[in-house]
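See structure below.
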Amino acid sequence: MPKKAKALPIYVINGPNLNLLGTREPEIYGTATLAEIGKLAAARAKTHGLSVVFQQSNHEGVLVDWIQECRTKGCGLILNAGALTHTSVALLDACRALTHPIIELHLSNPYAREPFRQRSFIAKAATGVICGLGANGYVLAVDAIAALLKE
Ligand code: CA2
């Protein structure tokens, strides 16, 4: 019997300052480090027969490159663009070029915070948005991508 082709990974892309998770502001972002969140996402993806490519960069252009890479090497995108969520037309345009499901993700609930966090460029291209649920939001986002891929 021919072997079933392995599914492409879900790209989980994290933006500026998220490498600092677990070191400061635990009351806003929780106590988990980004490495721990990466392990949670990978474990959940495995339960769906999927895998993740989990990345973080403080540089907008690098994030654009990874989103573009996801077009051919990934099956879906979970994007926590950090503060670039609220400013970046470049990230919006990169997301618009994707045909895969996109979940915009935030650990905190930006809508309960400062007014400047209440505008999202990413939301205009996202299939859905998960926010305010801390590290568990990444796990739920993996579930959401898996469900959307089955549709
Ligand atoms: O809630 C989220 O996930 C955010 O995307 C996090 C961004 C913020 O600008 C967005 O409005 C909402 C900030 C990430 C900074 O993370 C830090 C973690 C620990 C210490 C300092 C910053």
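Remember, it's 1-based here, ligands and their atoms both numbered in the order they're listed. Count residues from 1 along the sequence.
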Which one holds for [X] and ligand 1: side chain close, backbone close, both close, or neither close, with close meaning a heavy atom under 4.0 Å?
X      : value
Arg24  : both
Ala83  : both
Leu105 : neither

At what distance is the nearest protein heavy atom to [atom], and which residue and atom is it?
atom                    : result
atom 4 (C) of ligand 1  : His106 ND1, 3.7 Å
atom 14 (C) of ligand 1 : Leu18 CD2, 3.8 Å
atom 15 (C) of ligand 1 : Asn17 CB, 3.6 Å
atom 21 (C) of ligand 1 : Glu25 OE2, 3.6 Å
atom 2 (C) of ligand 1  : Leu107 N, 3.4 Å
atom 13 (C) of ligand 1 : Tyr29 OH, 3.4 Å

Does any N or O atom in [X] lie less than 3.5 angstrom from one in ligand 1, N or O only?
X      : answer
Arg113 : no
Thr85  : no
Asn80  : yes

Using a 4.0 Å cutoff against the non-hydrogen atoms of Arg117, which atoms of ligand 1 qualify?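 The list of qualifying atoms is 8 (C), 9 (O), 10 (C), 11 (O).
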
Heavy-atom contacts with His86 under 4.0 Å: which atoms of ligand 1 show up? List them by number with element.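 Those of ligand 1 that fall under 4.0 Å from His86 are 10 (C), 11 (O).
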
Check for me whether Gly82 has a heavy atom closer than 4.0 Å to any atom of ligand 1.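 Contact present.
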
Tell me whether ligand 1 is touched by Leu21 - counting only heavy atoms on the residue side and a distance under 4.0 Å.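 Distance cut 4.0 Å: Leu21 passes for ligand 1.
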
Minimum side-chain heavy-atom gap Ser51-Lys46 below 4.5 Å: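 Heavy-atom side-chain distance check fails, nothing below 4.5 Å.
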
Looking at side-chain heavy atoms only, is the closest gap between Leu77 and His100 below 4.5 Å?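 No, side chains not in contact.
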
Is any NZ, NE, NH1 or NH2 atom of the basic residue among Arg117 and Glu114 found under 4.0 Å from an Asp or Glu carboxylate oxygen of the other?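 The answer is yes: the pair qualifies as a salt bridge.
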
Testing Val12, Thr127, Ile78, Val52 one by one against Ile145 for a side chain to side chain contact (heavy atoms under 4.5 Å, CB included), which residue passes?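 The residue from Val12, Thr127, Ile78, Val52 that satisfies side chain to side chain contact (heavy atoms under 4.5 Å, CB included) with Ile145 turns out to be Ile78.
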
Where Ala135 and Leu40 come nearest, the two heavy atoms and their spacing: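 Nearest heavy atoms, Ala135 then Leu40: CB-CD1, 4.3 Å.
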
Of all the heavy-atom pairs spanning Ala141 and Ile103, show the shortest one and how long it is.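 Closest pair (atom of Ala141, atom of Ile103, distance): CB-CG2, 3.9 Å.
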
Take Glu60 and Asn58, measure what side-chain hydrogen bond (donor to acceptor under 3.5 Å, both in side chains) needs, and give me the verdict at the end. CA-CA 7 Å; Glu60 188 175 20; Asn58 293 328; over 6 Å; no

Would you find a donor on one side and an acceptor on the other, under 3.5 Å apart, between the side chain of Arg71 and the backbone of Leu98?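 The answer is no, because no donor-acceptor pair under 3.5 Å joins these two groups.
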
Counting only heavy atoms not in Arg113, do more than 12 fall under 6.0 Å of its CZ?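 Correct, the count exceeds 12.
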
Compare Pro26, Ser108, Gly15 and give the one whose heavy atom is closest to atom 1 (O) of ligand 1.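 The nearest heavy atom belongs to Ser108.
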
